[in-house]
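I have placed the structure first, in the form of structure tokens, so that the comments after it can refer back to it.
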Amino acid sequence: QVQLVESGGDLVQPGGSLRLSCAASGFTLARYAIGWFRQAPGKEREGVSCISSSGDNTYYADSVKGRFTIFRDNAKNTVYLQMNSLKPEDTAVYYCRTDCRGVVAETARYYYDMTYWGLGTLVTVSS
């Protein structure tokens with residue numbers, strides 16, 4: 001079965017850290033650029049970060065730049081999002097996707113004939 005599965009979401013205090021994982025099954029993640037997106041209650045989905053298939057290029061939305069780091073381990077078929085200095089406004093369901101359109105302008109070229117989405121993982125930043 002072809003799927004992406006996100007994990008690592010949790011309740012964390014402001015200023016804390018979390019590491020999200022995006023694991024692929026049924027296909028080779030290394031062939032794809034991967035985007036992380038998030039959607040907060042009552043808000044539109046927004047692009048957070050993107051990493052090229054090789055991992056050589058990374059991109060970040062201004063709202064998370066300097067706080068989040070995206071990286072990948074293609075041997076484990078997994079992409080990660082390290083989130084530091086978390087703020088209440090980071091609270092959202094986080095999704096990974098084999099498509100980076102909508103993260104930043106430079107990532108518009110990262111898309112494929114098939115797009116795979118995960119079901120998301122909830123991050124709550126609250127004291």
Side-chain angles (χ1 to χ4, degrees):
Q1 183 178 1
V2 175
Q3 60 179 353
L4 288 171
V5 178
E6 302 93 338
S7 62
D10 205 345
L11 170 64
V12 62
Q13 291 188 344
S17 297
L18 282 175
R19 178 176 293 182
L20 305 184
S21 298
C22 169
S25 61
F27 69 102
T28 303
L29 199 63
R31 296 177 180 172
Y32 298 87
I34 298 297
W36 279 99
F37 297 79
R38 66 186 181 186
Q39 188 163 20
K43 294 188 177 182
E44 292 187 356
R45 187 170 56 224
E46 67 170 323
V48 174
S49 184
C50 171
I51 187 167
S52 62
S53 57
S54 66
D56 289 343
N57 298 304
T58 58
Y59 308 86
Y60 300 92
D62 287 343
S63 58
V64 306
K65 199 173 294 183
R67 300 188 297 121
F68 290 11
T69 302
I70 190 171
F71 59 102
R72 65 193 303 156
D73 185 339
N74 285 338
K76 295 184 177 179
N77 229 22
T78 302
V79 170
Y80 303 92
L81 186 68
Q82 177 67 39
M83 307 188 297
N84 299 329
S85 303
L86 283 162
K87 304 175 181 180
E89 52 263 44
D90 294 318
T91 295
V93 177
Y94 284 72
Y95 304 88
C96 60
R97 186 176 85 174
T98 57
D99 186 325
C100 286
R101 288 175 292 182
V103 175
V104 292
E106 298 96 315
T107 62
R109 58 194 169 116
Y110 294 119
Y111 67 97
Y112 308 91
D113 290 342
M114 289 292 297
T115 298
Y116 303 117
W117 280 96
L119 295 179
T121 186
L122 177 62
V123 172
T124 303
V125 184
S126 176
S127 55

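Note that the coordinates shown come from a computational prediction; the quantities given were computed from them, not determined experimentally.
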Please name the pair of heavy atoms, one in Tyr60 and one in Ile70, separated by the smallest distance, quoted to 0.1 Å. OH-N, 2.8 Å
If I compare all heavy atoms of Arg101 with all of Arg97, which pair ends up nearest, and what's the gap? O-NH2, 2.8 Å
If you count heavy atoms of other groups shown closer than 6.0 angstrom to OH of Tyr111, is the number above 12? no
Please answer: with hydrophobic residues joined when any side-chain heavy atoms are less than 4.5 Å apart, are Val12 and Val64 in the same cluster? yes
Ile34 backbone acceptor or donor facing Thr98 side chain under 3.5 Å: no
In Å and rounded to the nearest 0.5 Å, what is the CG to OG1 distance from Asn74 to Thr28? 9.5 Å
Distance check, rounded to the nearest 0.5 Å: Phe27 atom CZ versus Gln3 atom CD? 9.0 Å
Okay, side chain of Arg72, backbone of Gly55: is any donor-acceptor separation there less than 3.5 Å? no
Does any N or O in the side chain of Thr124 come within less than 3.5 Å of the main-chain N or O of Thr91, such that one atom is a donor and the other an acceptor? no
For the residue pair Val79 and Cys96, establish whether any side-chain heavy-atom pair is separated by less than 4.5 Å. no
Side chains of Glu46 and Ser63 in contact at under 4.5 Å (non-hydrogen atoms): yes
Sub-3.5 Å donor-acceptor pair from the side chain of Glu6 to the main-chain atoms of Leu119, do we have one? yes
Could you report the tightest heavy-atom contact between Asp90 and Ser85, atom names first, then the distance? OD2-O, 4.4 Å
Got Met83 and Tyr94 here, is their nearest side-chain heavy-atom distance under 4.5 Å? yes
Could you tell me the separation between the CG atom of Leu86 and the CD atom of Gln13, rounded to the nearest 0.5 Å? 11.5 Å
Testing the basics here: between Ser53 and Ala30, what is the closest heavy-atom pair and its distance to 0.1 Å? CB-O, 3.2 Å
Side chains of Tyr32 and Tyr116 only: does a donor on one sit below 3.5 Å from an acceptor on the other? no
Treating Tyr59 as the side-chain partner and Gly35 as the backbone partner, does any N or O pair qualify as donor plus acceptor under 3.5 Å? no
For Thr121 against Gly8, the heavy-atom pair lying closest together: OG1-N, 3.9 Å
Give the cluster check for Phe37 versus Val104: same hydrophobic cluster or not, with ILVMFWY residues linked at side-chain heavy-atom distances below 4.5 Å. yes
Would you indicate whether the side-chain heavy atoms of Arg38 and Val123 approach each other to under 4.5 Å? no
After noting the C-alpha distance and the side-chain angles of Phe71 and Tyr80, does the key distance pass the ring-ring contact (aromatic ring centres under 6.0 Å, His included) rule? CA-CA 5 Å; Phe71 59 102; Tyr80 303 92; 5.0 Å; yes
Between Ser17 and Gln82, is there a side-chain heavy-atom distance shorter than 4.5 Å? yes
Check whether Asn77 reaches the backbone of Leu29 with its side chain - one donor and one acceptor, N or O, closer than 3.5 Å. yes
Group every Ile, Leu, Val, Met, Phe, Trp and Tyr by side-chain heavy-atom contacts under 4.5 Å, then state whether Leu20 and Phe68 land in the same group. yes
Residues Ser126, Leu11; criterion side chain to side chain contact (heavy atoms under 4.5 Å, CB included); working and verdict: CA-CA 7 Å; Ser126 176; Leu11 170 64; 4.2 Å; yes
Output for pair (Asp99 CG, Thr115 OG1), nearest 0.5 Å, gives 4.5 Å
Find out if a path of hydrophobic residues (ILVMFWY) with successive side-chain heavy-atom gaps under 4.5 Å connects Ile51 to Leu18. yes
Measure the OH-CZ distance between Tyr112 and Arg31 for me, rounded to the nearest 0.5 Å. 11.5 Å
Using a strict 4.0 Å threshold on nitrogen-to-oxygen distance, state whether Asp62 and Lys65 make a salt bridge. yes
Tell me the closest heavy-atom pair linking Tyr110 and Ser52, and the distance in Å. OH-CB, 3.8 Å
